2 protein chains.
Amino acid sequence: MKLGNMSVPGDCGSISPILARIGDKWSTLIILVLSEGPKRYSVLRREIESISQRMLTLTLRALERDGLILRTVHADKNPPQVEYELTDLGKTLIDPLYALCLWASQNCDAIEENRKKHEAEQADA
Amino acid sequence: MKLGNMSVPGDCGSISPILARIGDKWSTLIILVLSEGPKRYSVLRREIESISQRMLTLTLRALERDGLILRTVHADKNPPQVEYELTDLGKTLIDPLYALCLWASQNCDAIEENRKKHEAEQADA
DNA sequence: CTGCATCCCACATGATACTG
DNA sequence: CAGTATCATGTGGGATGCAG
């Protein structure tokens, strides 16, 4: 795939699935939250208010499977604790993801505005 | 939301929907393809092989609604032509998106490997 | 050529309840 | 605390056919 002057090594068919994973509803959020440092399961749940227990578990597993996060069980503790943290690979995702986040926060107003404007035009027609 | 030393203006509740939009299955691909320049509907269809007509239209409409792309109809032409291009707002997305793409292409092998390794460990247990 | 409408199914996600 | 299991559901997305 090429992008203007830039070119992406590898075909776009191979990056699309990756994009799908990190772009899914929760992965990005989880990675960003974990970028602050290791967190326990319950902490993640609290910080990502809207996520359901189920999806938190599923997403964490998927990210672990891909080697983006590390899951550490402290079985000796009572109550039991499980800590999640980014792997080195996972950490390399912080920067690009943060850039995207920044873009989103900077432009969400503009998008919102465009949406309203568009609705208004629709009403005319 | 905070990310290590960095902090994101606005709460994460507001950026999540944005991330969801640009992170959906097709938006990223379409934006990247359009970053090469304006394209006609049929051209987009050809370049993004796996997309269905329906999803192409739907995604284009959504992106247009958000002011990321511009839709221009050349009604005078025969056969009719419709051209899509990135708006200025849309163009600001290229860089962060490209960064992500680059990451994906650079690390998809590592991820693939991790996945296999993980499966092997599962088999042991 | 462009693209809308309809049908339809699979899957992703949510809610709730239960377990070690 | 950290999950798992089950059920219910909404939506994404493909196929097809029609229209301007």
Side-chain angles (χ1 to χ4, degrees), chain A residues 13 16-31 33-34 38-66 69-85 118-119 121-122 125, chain B residues 12-13 16-31 33-34 38-66 69-85 118 121-122 125:
Chain A
S16 189
I18 310 282
L19 254 34
R21 158 154 323 294
I22 63 184
D24 84 19
K25 197 171 178 184
W26 303 112
S27 299
T28 304
L29 239 27
I30 290 180
I31 291 173
V33 168
L34 280 179
K39 308 251 183 183
R40 287 174 40 204
Y41 184 86
S42 56
V43 175
L44 287 172
R45 248 183 100 184
R46 227 172 306 126
E47 299 210 350
I48 311 177
E49 298 182 21
S50 48
I51 198 172
S52 68
Q53 204 173 22
R54 171 193 165 79
M55 287 321 296
L56 178 54
T57 299
L58 284 181
T59 309
L60 285 171
R61 295 280 194 243
L63 292 173
E64 185 196 4
R65 198 166 52 93
D66 289 351
I69 66 176
L70 186 64
R71 179 173 178 268
T72 311
V73 183
H74 302 279
D76 48 332
K77 299 284 184 60
N78 189 329
Q81 291 188 1
V82 180
E83 230 179 25
Y84 294 91
E85 61 187 309
H118 198 77
E119 278 178 27
E121 288 168 12
Q122 290 296 9
Chain B
C12 80
S16 188
I18 310 283
L19 255 32
R21 159 153 324 293
I22 62 184
D24 82 21
K25 197 171 178 183
W26 303 112
S27 299
T28 304
L29 239 27
I30 290 181
I31 291 173
V33 169
L34 280 179
K39 308 252 182 181
R40 284 176 42 205
Y41 185 85
S42 55
V43 175
L44 287 172
R45 250 183 99 184
R46 228 172 307 126
E47 299 210 351
I48 311 179
E49 299 182 19
S50 48
I51 198 171
S52 67
Q53 203 174 24
R54 170 194 165 81
M55 288 321 296
L56 179 55
T57 300
L58 284 181
T59 309
L60 286 171
R61 294 285 191 229
L63 292 173
E64 186 196 3
R65 200 165 52 92
D66 289 352
I69 66 175
L70 186 65
R71 178 173 179 269
T72 312
V73 183
H74 302 278
D76 49 332
K77 300 283 185 56
N78 190 328
Q81 289 188 359
V82 181
E83 229 178 27
Y84 295 91
E85 61 186 309
H118 198 77
E121 289 169 10
Q122 291 296 7

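Computed from a predicted structure; not experimentally measured.
- The heavy-atom pair separating B:I69 from B:L60 by the smallest distance is CD1-O, 3.3 Å.
- Distance, A:Y41 OH to D:dG3 P: 6 Å, rounded to whole Å.
- Rounding to the nearest 0.5 Å places CG of B:L70 at 10.5 Å from CG of B:L34.
- Taking only side-chain nitrogens and oxygens, A:S42 comes nearer than 4.0 Å to OP1 or OP2 of D:dA2.
- Scanning for side-chain hydrogen bond (donor to acceptor under 3.5 Å, both in side chains) contacts around B:T57 gives B:Y41, with sequence neighbours left out.
- Rounding to whole angstrom units, CZ of residue A:R45 and C1' of D:dG3 are separated by 9 Å.
- The two residues B:R71 and B:V73 make their nearest non-hydrogen contact at NH1-CG2, 3.8 Å.
- Of the side-chain N and O atoms in A:T57, none sit less than 4.0 angstrom from OP1 or OP2 of D:dA2.
- Here B:R40 lies in heavy-atom contact (under 4.0 Å) with sugar-phosphate atoms only.
- In terms of heavy-atom proximity, A:S27 sits nearest to A:R21 at OG-O, 3.1 Å.
- Protein atom CD1 of A:I48 is 15 Å distant from nucleotide atom C1' of C:dT13, rounded to whole Å.
- Proximity of B:Y84 to the phosphate of C:dG3: a side-chain N or O atom is located under 4.0 Å from OP1 or OP2.
- Atom CG in A:L56 sits roughly 13 Å away from atom C1' in D:dT4 (whole-Å rounding).
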Could you go through nucleotides 5-12 of chain C and list every protein N or O atom that sits under 3.5 Å from one of its N or O atoms, giving the distance for each pair?
unit_1 : atom_1 : unit_2 : atom_2 : d
C:dT6  : O4     : B:R54  : NH1    : 3.2

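- Atom pair B:L44:CG and C:dC1:P shows a separation of 14 Å (rounding to whole Å applied).
- Heavy atoms only, all atoms of each residue included: A:L56 and A:R45 are closest at CD2-CG, 3.4 Å.
- Taking atom CG of B:L60 as the reference point, atom C1' of C:dT2 lies 11 Å away to the nearest angstrom.
- Remark: P of C:dG14 and CG of A:L58 are 10 Å apart, rounded to the nearest angstrom.
- Taking only side-chain nitrogens and oxygens, B:R71 comes nearer than 4.0 Å to OP1 or OP2 of C:dG3.
- In this structure, B:K39 places its NZ atom 18 Å from C1' of C:dT2, rounding to the nearest Å.
- A distance-only check finds a donor-acceptor pair linking the side chain of B:T28 to the backbone of B:I22 [under 3.5 Å].
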